[in-house]
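All remarks here apply to the structure that follows.
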Amino acid sequence: MIWFTEYQTKNTGLTVKVKEAKHIQSKYQEILLLDTYEYGKMLVLDGAVQTTERDEFIYHEMLSHPALIKHRNPERVLVIGGGDGGTVREVLKHPEVKQVHLCEIDEEVIKVSKEHLPTISNQLDNPKVSIFVEDGNKFLDERKSYYDVILLDLSDPVGPAEALFKRAFYEKVKGALREGGIMAAQTESPFLQELYFKTAVKEIQKVFKYYGTYLAFIPTYPAGMWSFTIASDDVDVTKTDGKELEKLKNLNTKYFCDKIYTSLFSLPKFVSDLIK
Ligand code: SPD
């Protein structure tokens, strides 16, 4: 019998019973593809759970849809990280989207996801999608004022993703957005990763004029409490209007809905206190 534990802090973790495990060492990280009893297939990078067949929809819907429905016409979208394809799949639910660029540093993550996680990666070959196997930081050096929406679908701020949670990187993200552009980033767990959370959100707040942080319940992520931060220099992302609610009705989602959207920025007090 195999059990896998992700150590989420020195003192706690998530443990799952595994039917079968595959191990790949890529140029950047250790990749584990686990077939688990409770969560289906699970993708783990350097010991941290990235996605599972059972709960991935929550993360991918919540990272993508708020930014996409707040943008008046999101034609060009960039996803940085997200080599499993779940965010790309959600982005393509928006009919206005004409072009999706996916910039993932590790080609092995894309290969493993295409082979073993078809329900997550099934839109990676969509003709609207172009895949760039590159470092997101360098990729943005060559893209200025181009995208309508940029989604930062990153692993934790250690190893390859560390530089992508810093102010200098968020400045590049801002520079790559064209007028009216909006970005959304995963900003870690406010409960078990307080410092990662605070640092990422505060760096975003320094760079953009308008911003808002929201939460989702993701069972396989630390503490089950996960955060996202949406930001823009041109659009007051904290405001909502009727048109957005209309757009939302046509999305085929399982977690994101009008009730979640209209109370998106209602945070527990301890969470707002951390990012005041
Ligand atoms: N603690 C792990 C956080 C991972 C966030 N990114 C997941 C990528 C899924 N597309």
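Bear in mind the structure is a predicted one, so any value in this text is a computation, not a measurement. Whatever order the structure lists ligands and atoms in, that order sets their numbers, starting from 1.
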For this session: With heavy atoms of Trp226 as the reference, note each atom of ligand 1 found under 4.0 Å away.
Result: 1 (N), 3 (C)
Problem set entry | Nearest-option assignment for atom 4 (C) of ligand 1, heavy atoms, candidates Gln8, Glu6, Gln50 | Gln50
For this session: Please work out whether the ring planes of Phe191 and Phe270 are parallel, tilted or perpendicular, with thresholds of 30° and 60°.
Result: perpendicular
For this session: Tell me which protein heavy atom sits closest to atom 6 (N) of ligand 1, plus the residue, atom name and distance to 0.1 Å.
Result: Leu154 O, 2.9 Å
Exercise. What residue and atom, counting heavy atoms only, is the protein's closest point to atom 8 (C) of ligand 1, and at what distance?
Worked result: Asp153 OD1, 3.0 Å
Problem set entry | Atoms in ligand 1 with a heavy atom of Asp84 nearer than 4.0 Å | 8 (C), 9 (C), 10 (N)
Problem set entry | N-O pairing of Glu75 and Arg178 below 4.0 Å | yes
Exercise. Thinking salt bridges, do Glu38 and Arg54 make one under a 4.0 Å N-O criterion?
Worked result: yes
Exercise. Which residue supplies the protein heavy atom nearest to atom 7 (C) of ligand 1, what is that atom called, and how far is it?
Worked result: Tyr221 OH, 3.1 Å
For this session: List every atom of ligand 1 that sits less than 4.0 Å from any heavy atom of His60, numbering the atoms from 1 in the order shown and giving each element.
Result: 9 (C), 10 (N)
For this session: Go through ligand 1 atom by atom and flag the ones less than 4.0 Å from a non-hydrogen atom of Asp156.
Result: 1 (N), 2 (C), 3 (C)
For this session: State whether Glu244 and Lys247 are salt-bridged, where the test is any N-O pair (Lys NZ or Arg NE/NH1/NH2 against Asp/Glu carboxylate O) under 4.0 Å.
Result: no
For this session: Could you tell me whether the side chain of Asn137 reaches within less than 4.5 Å of the side chain of Lys172, counting heavy atoms only?
Result: yes
For this session: May I ask you to decide whether Lys243 forms a salt bridge with Glu246, counting only side-chain N to carboxylate O separations under 4.0 Å?
Result: no
Exercise. Using 4.0 Å as the upper bound for N to carboxylate O, is an ion pair formed by Lys138 and Asp141?
Worked result: no
For this session: Check Glu188 against ligand 1 and report side chain, backbone, both or neither, counting heavy atoms closer than 4.0 Å.
Result: neither
Problem set entry | Shortest protein heavy-atom distance from atom 2 (C) of ligand 1, along with the residue and atom involved | Val49 O, 3.2 Å
